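Below is one structure, written out as structure tokens; comments come after it.
Model, not experiment: these values are computed from the prediction. All heavy atoms count here, side chains included; hydrogens, waters and symmetry mates do not. All ligand and atom numbering here is 1-based and tracks the order in the structure.
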Amino acid sequence: MTEQTRTTAASALPASIGQLQDLAYNLRWRWDAPTRNLFARLDPLLWENSNQNPALLLQTVDPARLQEVAADAEYSADVANAVAELDVYMASDATWFRQAHGDAGGSLIAYFSAEFGLTEALPIYSGGLGVLAGDHLKSASDLGIPLVAVGLLYQQGYFRQQLSETGWQQELYDTNDFEKLPLVPQRGPDGAPVVVEVPFPDRPVLAQVWRVQVGRVPLYLLDTNFSDNRPEDRDITDQLYGGDVETRIRQELVLGIGGYRALEQLGIQPTVCHMNEGHSAFLSLERVRTVMQQRGIAFAEAQTIVQAGSVFTTHTPVAAGHDYFPPELMDRYLGPFIQELDIARKDFLALGRHDPNNEGEYFCQTIFALRMSQYANGVSKLHGEVSRDMWKDLYPDTAVNDVPVGHVTNGVHLLSYVSPQIDALCDQYLGANWRHGRSVSQLREEFDRVPSDELWQVHTKHRWDLVRVVHHRLRTQLERDHSQEESSAGADVLNPDALTIGFARRFATYKRATLLLRDPDRLARILTSPVRPTQVVFAGKAHPRDEGGKELIRRVVELSRQEPFRGRLVFLEDYNIGVARTLVQGVDVWLNNPQRPFEASGTSGMKAAANGVLNVSTLDGWWDEAWAATRDDAAPPGWAIGDGSTYDDQEKVEADALYNLLEREVIPLYYDRDGDGLPRRWIERMKSAMYTISPVYNTDRMLCEYAERYYLPAIDSYGQAR
Ligand SMILES: *Cc1c(COP(=O)(O)O)cnc(C)c1O
């Protein structure tokens with residue numbers, strides 16, 4: 001533990017449990033169940049109501065309760081154990097990276113992202129991109145990869161979602177009280193809080209630096225809500241993906257230029273900078289400026305050095321996911337900075353343009369990031385192909401297959417999403433280390449040892465938990481709306497023993513949330529079967545300016561209030577990481593039906609599979625490759641909707657394929673029970689999801705690939721270039 005993880009509040013804790021403070025301020029509790037249990041035991045209700053936020057919990061728990069647990073020898077022994085384990089974890093040299101690659105010459109990776117989804121307690125993420133970034137840090141920590149991370153600390157974060165009476169999404173912005181979050185102000189070598197200066201047109205903007213400790217990995221977050229800034233500058237880090245294009249460029253200047261400066265001020269000199277999406281692309285400018293200054297060289301020469309040490313990951317083929325800034329905005333915000341770089345305006349703007357000679361073309365951060373990085377990748381095999389095709393114009397003399405954009409398929413940080421009970425069951429029968437070093441065929445045999453009835457029992461209990469959570473949340477929703485006549489309605493919603501389908505993700509239109517609702521009569525027949533009932537739980541937010549996405553939510557909510565869908569189809573408000581965990585552990589089927597090829601990867605289905613939930617998905621993103629590898633198995637880990645072909649009436653063809661799958665395969669298999677009431681063949685598929693999907697689609701595998709295919713080669717080429 002470093003000095004800085006301790007805050008003054010620690011002194012308020014009784015001595016025998018004082019180290020709860022250290023445990024709270026290292027997010028490793030998010031993937032260490034014994035530490036989480038310590039917080040839950042302190043006050044289970046407060047733990048839940050705090051959004052599982054230990055910093056807030058420790059500040060608000062009844063002091064009498066603290067005295068009580070402090071006097072409980074077992075509790076303080078458990079605290080001491082958890083602290084000892086964390087200390088071992090933090091100090092261990094026996095990590096994958098150390099053993100495979102030593103200390104890589106003291107090299108360091110700096111990972112930049114506009115959002116990080118680490119826990120529901122830290123609302124600085126919107127969806128899959130952020131969750132992926134959060135999982136990246138957790139696995140980098142577990143594997144001992146030398147990595148630090150940089151992001152923004154949003155005063156209001158992303159919005160909380162409430163539905164109006166008509167099912168229209170309302171966005172509520174809470175003000176984050178940073179004192180109540182598991183983060184600390186970052187102090188410099190001199191002990192003073194670190195403040196960086198970001199050059200803006202006629203003034204510097206100041207940003208304060210905070211730190212979140214994610215296992216071994218420090219995450220530095222910049223925040224401009226600072227009394228020395230002008231009022232309009234204080235608002236820069238208000239909201240994630242809020243505001244207009246001007247807010248966006250300001251945020252990206254703070255993230256890229258400010259973020260790089262923050263590292264410098266901390267004495268951190270990254271060997272490799274990894275840009276998670278184009279939002280942080282401006283960091284390359286600051287890096288070029290630094291190299292020019294240090295070495296007394298020109299822009300082009302410095303650019304080559306920076307490229308050698310840069311990795312860029314692109315995350316979406318959807319146009320709205322790429323930043324484009326008008327030239328006059330670039331002039332206004334970057335003009336003076338560019339002068340310092342001694343590069344002509346036209347040459348600079350050309351770095352962000354498809355056509356370097358088109359003076360009217362907007363400056364695209366994706367193009368700029370590609371041009372400043374020697375290493376670039378998409379996030380699934382299919383998305384790699386799509387990206388090479390999308391950006392081939394930038395590499396005029398190159399065949400499309402040789403466009404230098406590879407792929408690393410996304411994963412999930414398993415321990416953040418697998419239910420501790422499922423994990424314990426597997427450990428019991430397979431040994432605690434079963435996730436490491438065993439082939440799929442070995443695992444297939446070994447999973448025979450996991451008793452099907454026990455697996456089914458644990459899973460069934462999670463489904464019941466999910467139904468309880470849905471009741472609780474719907475009741476809260478109804479009480480808020482004061483709709484008296486419906487206040488009893490929450491109780492008979494969902495049948496804890498019915499086949500439960502989950503659909504939860506951002507409501508971007510290409511994800512087609514309403515595909516399942518396309519033929520309401522057919523869906524009604526499926527859901528209302530008296531002997532084989534099926535039910536669906538939806539959740540997800542639409543971007544505040546995405547009217548199309550909001551309309552999809554309205555449509556789901558509208559249907560959920562009509563007979564015969566009432567109680568069988570529900571929409572849960574305010575999707576977040578906590579809701580995601582409950583859903584991926586509690587449903588039986590995870591439905592995903594994006595329009596190919598717009599889902600670059602998708603990760604929620606991987607979380608579901610790790611819990612023995614079967615995927616039903618169109619052949620897009622990660623499922624396209626996972627299905628190719630498993631479709632011929634005796635017990636595949638799910639089903640594919642369609643075969644990836646394109647049709648004139650794609651939606652109708654795929655909706656029909658989905659209904660057919662449900663009617664002919666999914667539902668019959670689920671209700672095919674033996675004398676003990678067990679769906680044996682279904683359980684075989686659950687096991688298959690756990691041993692074919694999880695060993696591949698996790699962030700440990702992903703980080704090993706980033707390390708060996710990008711970070712280490714970039715360390716080498718950077719070394720040579722300079
Ligand atoms: C995992 C996760 C996502 C990503 O879901 P996809 O289905 O892959 O788009 C988005 N939001 C939250 C809260 C998640 O936990």
What's the shortest distance from atom 1 (C) of ligand 1 to any protein heavy atom, and which residue and atom give it? Lys607 NZ, 1.4 Å
Ignoring hydrogens, just give me the one of Ala600, Ser126, Ser617, Ser604 whose non-hydrogen atom is nearest atom 5 (O) of ligand 1. Ser604
Any salt bridge linking Glu120 with Arg581? Criterion: basic side-chain nitrogen under 4.0 Å from a carboxylate oxygen. yes
Salt bridge flag under 4.0 Å for residues Arg36 and Asp32: no
Which protein non-hydrogen atom lies closest to atom 10 (C) of ligand 1, naming both residue and atom, and how far is it? Gly128 N, 3.4 Å
Give the atoms of ligand 1, by number and element, whose distance to some non-hydrogen atom of Asn576 is under 4.0 Å. 13 (C)
For the residue pair Tyr706 and His136, is the inter-centroid distance of their aromatic rings smaller than 6.0 Å? yes
Atom 8 (O) of ligand 1 sits nearest the protein heavy atom Thr603 N, 2.6 Å
Is it the case that the side chains of Gln169 and Gln161 hold a donor-acceptor pair, with the cut-off being a distance below 3.5 Å and no angle test? yes
Taking 4.0 angstrom as the limit and counting only heavy atoms of Gly602, give me the atoms of ligand 1 inside it, by number and element. 8 (O)
Check each atom of ligand 1 against the heavy atoms of Arg505 and keep those under 4.0 Å away; list them by number with element. 7 (O), 9 (O)
Of all the non-hydrogen atoms in the protein, which one sits nearest to atom 12 (C) of ligand 1, and at what distance? Tyr575 CE2, 3.6 Å
Those atoms of ligand 1 less than 4.0 Å from some heavy atom in Ala580: 15 (O)
Contact between ligand 1 and Lys511 is defined here as a heavy atom of the residue under 4.0 Å from a ligand atom; is it met? yes
Could you check whether Lys607 makes a cation-pi contact with Tyr417, meaning its NZ or CZ is under 6.0 Å from the centre of the six-membered ring and within 45° of the ring axis? yes
Among Val150, Thr237, Leu153, Leu255, which residue satisfies the side chain to side chain contact (heavy atoms under 4.5 Å, CB included) criterion with Leu222? Val150
Contacts satisfying salt bridge (charged side-chain N to carboxylate O under 4.0 Å, His left out) that involve residues 582-602 (not counting sequence neighbours) are Arg463-Asp588, Lys511-Glu599, Arg596-Asp624
